[in-house]
Structure formats: structure tokens, C-alpha cells
K.L.:
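Before anything else, here's the structure in question.
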Amino acid sequence: MSISFNGIIEFVAVAETQGFTAAARKLNVNVSHISRKVAALEKELGVSLLARSTRTVRLTDAGQAYFSRCQELVYGLQEANETLLDKQVELSGTLKVSAAGEFAEQHIAPLLMEFAQQHPKLALEMDFNSQMVNFIDDAFDFSIRYGPMKDSNLIARKLTNRSLVAAASQAYLNTFGTPIHPNELIKHHCLMTNNSTWFFTHQDKQLQVKLDARWRSNSGRSVVSACERGLGIAYMPRSSYGDALKNGNLVPILEPFWNRDIATWIVYANRNFLPAKARLAINFLLEKFTHWQE
């Protein structure tokens, strides 16, 4: 069979909007064009992709399987076009981004500044808040988050993997001892950000330890400061420690159990309605992090 993309864009639009009229509106064409293209695609494939009634349009089993593959294909083509046109597009308005932590300040913010320099008419607004945002009410274009993504209604694209590091001051370890297994942490003072459960790995198995916090803050810097002062043990991404590990203020512990594959994500509401400024900024970050190492 010869490869043809004829009708795929129209089919994906119908599947996403769940109607021929809505799909026509989205693609700015007439309904008959959508119907004709989808019918031709079904005839070419020799299978029904959509089950039609007077009121509804739904995917058949074959249509659902085909849609899941074609949707990524269409998005890939859109992104390829946008990447090619990046230097030619004159962006304007305000790009609003939510991010948090030392990683965002050290790595994301400078890259977005570079992106803004390439587009002089584009304003940039960054909100450093660790809470999940409401993309609609708060008008954020996208956010930077790390760890498991719980909201299936959001689109999450992996930016990079980072390693969690457990550390404490030498003074704390001299006083309270050095734990050699995560389960021993329940006897120690722990310094936390947002999570009361710490996730470790050992021999490809996940270890979960639920802990009480002696110090809790949504500021990574304050946790590091408390750790340097000997208040307890911290467990955060390596980049959150700043220079505290390099200059010896903090001592790494429990290294065989560190979770080294915590993903950092670019998260947004719906890629179909992302403005060009957001899509191009996301592609810019993804390209910059292609070979990034912590």
C-alpha cells in the first residue's frame, strides 16, 4: 500500500472535537470537505473509523487505535513546521510560565531569557510557585514540574531526568549517626518540601518511607539552609542544593538508594489550543535539554 496522509488531519480533528461541524470550524473549512476527506480515508483503508448517528460521532475500535497513532503524527508535523519557522515568527504578547526551585532559577529562567531575546516583542512572566496551577483561571501557558504527574487531563512532556540526593551536615551525622538504609530515617529528623513520603530505589525495586517532618517548607533554599545548620536530613534533586554539596557543607548519604530517574516535565492544558509563543518556547526548551546532564 502506498503511504498517503490525505484525510488524516480531518479525521484527527473530528476525533478530537467529536463532530464534523466542530472539526470544520476548527480547520476553517466547510463540513462537506471534512466528510469527503474522512470518507475517502476510510475507503482507502478499507475500514470504518467513525460510527455516525444523527446526533453523535464516535470512534470505532479500529478508529480509536488509528487515532492514537495519527494524533501524534499530526502533532509531530505541527511541531516540525513550528521549529522550522521559529526564526521567522514574530511573537508578541506575554508568555506566562510557572516554575519552582533552584533548578528553574538556574536553568529554566536563563533559557527563557534567551528565548525572549530572540523575540523582542515578547514579554515574559515567570511565577516561582511549587503548587500546581490552574491553567485556565491563572492564564499560564505552561509549567515546569518534577515527579509523577497525577492529573491525566494535562499534557506532560518530559524535559529531562534528575537524581534525588539525600544529604545532611557532618555535625548532624556526628550527633545522630549516619543511616545506612532508608527505613532508618524514621528515627531521624527529616527536612521536607511538599511530600511526606520519600521514594528510594534498590535493586530495581521502589522503597517508600513515610516520614514526619521536623522542618517543612515549599522553599528548597530554606530546606538547604536548615540542613546546613544541622536540623536534619534532606532529600531533594541535586540541583536544589546549589553549592552546598560541592563546597562540603552537606554530606551525601544513602547513595545506593537514591532515585535517579525522577522526570522533570513541561506541563500544559491542551496542545491543540497552545498559542505559537508557548509551542515555540516549549520546543526551544526541549531542544536545549536534549543532551543536558545534571
K.L.:
Can you confirm whether the side chains of Arg221 and Ser240 place a donor and an acceptor under 3.5 Å from each other?
P.N.:
no
K.L.:
Below 4.0 angstrom, N of the basic side chain to O of the carboxylate: do Glu10 and Lys26 qualify?
P.N.:
no
K.L.:
Would the number of heavy atoms belonging to other residues, nucleotides or ligands and lying under 6.0 Å from CG of Asn247 be above 12?
P.N.:
yes
K.L.:
How close do Ile253 and Pro179 get, heavy atom to heavy atom, and via which atoms?
P.N.:
CD1-CG, 3.8 Å
K.L.:
Locate the shortest heavy-atom distance separating Lys277 from Ser92; write the atom from each residue and the value.
P.N.:
CD-O, 3.9 Å
K.L.:
Can you spot which of Phe200, Tyr241, Trp258 makes a ring pair (Phe, Tyr, Trp, His ring centres under 6.0 Å) with Tyr235?
P.N.:
Phe200
K.L.:
Going by heavy atoms in the side chains, are Leu191 and Ile233 under 4.5 Å from each other?
P.N.:
no
K.L.:
Please test His188 against Phe176 for ring-ring contact (aromatic ring centres under 6.0 Å, His included), starting from the C-alpha separation and ending with a verdict.
P.N.:
CA-CA 7 Å; His188 283 266; Phe176 297 97; 7.1 Å; no
K.L.:
Would you name the heavy atoms of Ala244 and Glu228 that are closest together and state the gap between them?
P.N.:
CB-OE2, 3.5 Å
K.L.:
Only one of Thr94, Leu95, Ile282 clears side-chain contact (heavy atoms from CB on, under 4.5 Å) with Asp141; which?
P.N.:
Leu95
K.L.:
Could you point out which residue of Phe199, Trp198, Tyr146 forms a side-chain contact (heavy atoms from CB on, under 4.5 Å) with Leu164?
P.N.:
Tyr146
K.L.:
Of all the heavy-atom pairs spanning Met113 and Leu124, show the shortest one and how long it is.
P.N.:
N-CD2, 4.2 Å
K.L.:
Is Ile155 close to Val267 at the side-chain level, that is, under 4.5 Å between some pair of heavy atoms?
P.N.:
no
K.L.:
Are Arg52 and Glu42 within salt-bridge range, i.e. N to O under 4.0 Å?
P.N.:
yes
K.L.:
Check whether any side-chain heavy atom of Pro252 lies under 4.5 Å from a side-chain heavy atom of Leu245, and answer yes or no.
P.N.:
yes
K.L.:
For the residue pair Arg25 and Thr17, confirm or rule out a side-chain donor-acceptor distance under 3.5 Å.
P.N.:
no
K.L.:
Distance check, rounded to the nearest 0.5 Å: Cys190 atom SG versus Arg214 atom CZ?
P.N.:
11.0 Å
K.L.:
Using the ring-ring contact (aromatic ring centres under 6.0 Å, His included) rule, take His189 and Trp215 through it: C-alpha gap first, then chi angles, then the decisive distance, then the call.
P.N.:
CA-CA 8 Å; His189 299 156; Trp215 173 274; over 10 Å; no
K.L.:
Working to the nearest 0.5 angstrom, can you tell me the gap between His202 NE2 and Leu254 CG?
P.N.:
11.5 Å
K.L.:
Using the rule given for ring-ring contact (aromatic ring centres under 6.0 Å, His included), can you reason through Phe11 versus Tyr66, listing the C-alpha separation, both sets of side-chain angles and the distance that settles it, and then say yes or no?
P.N.:
CA-CA 10 Å; Phe11 163 67; Tyr66 193 63; 5.7 Å; yes
K.L.:
Can you tell me how far the CG atom of Leu285 sits from the CH2 atom of Trp292, to the nearest 0.5 Å?
P.N.:
12.5 Å
K.L.:
For a 4.5 angstrom cut-off between non-hydrogen side-chain atoms, does Thr193 reach Asn218?
P.N.:
no
K.L.:
Is the shortest heavy-atom distance from the side chain of Lys210 to the side chain of Ile186 under 4.5 Å?
P.N.:
no
K.L.:
Quick one: closest heavy-atom pair of Ser239 and Arg162, and the distance?
P.N.:
OG-NH2, 3.0 Å
K.L.:
Report yes if some heavy atom in the side chain of Leu211 is under 4.5 Å from a heavy atom in the side chain of Thr197; otherwise report no.
P.N.:
no
K.L.:
Report yes if the side chains of Leu91 and Phe115 come closer than 4.5 Å at any heavy-atom pair, otherwise no.
P.N.:
yes
K.L.:
More than 12 foreign heavy atoms under 6.0 Å from CG of Leu50: is that the case here?
P.N.:
yes
K.L.:
Please check this pair: side chain of Thr60 against backbone of Gly63, looking for a donor-acceptor N/O pair closer than 3.5 Å.
P.N.:
yes
K.L.:
Would you confirm whether the ring centroid of Phe289 sits within less than 6.0 angstrom of the ring centroid of Trp265?
P.N.:
no
K.L.:
Measure across Ser35 and Phe20 and return the closest heavy-atom pair with its distance rounded to 0.1 Å.
P.N.:
CA-CE2, 3.8 Å
K.L.:
Just do the side chain to side chain donor-acceptor pair (under 3.5 Å) check on Ser222 and Ser217 with the steps written out, would you?
P.N.:
CA-CA 7 Å; Ser222 71; Ser217 172; 2.7 Å; yes
K.L.:
Can Asn174 and Gln170 be counted as having a side-chain donor-acceptor contact under 3.5 angstrom?
P.N.:
yes
K.L.:
Look up atom CG in Leu59 and atom CG in Leu49, then write down how far apart they are to the nearest 0.5 Å.
P.N.:
8.0 Å
K.L.:
Side chains of Ile34 and Val29, heavy atoms from C-beta outward: is any pair under 4.5 Å?
P.N.:
yes
K.L.:
Between atom CD of Glu16 and atom CD of Gln71, what is the distance when rounded to the nearest 0.5 Å?
P.N.:
5.0 Å
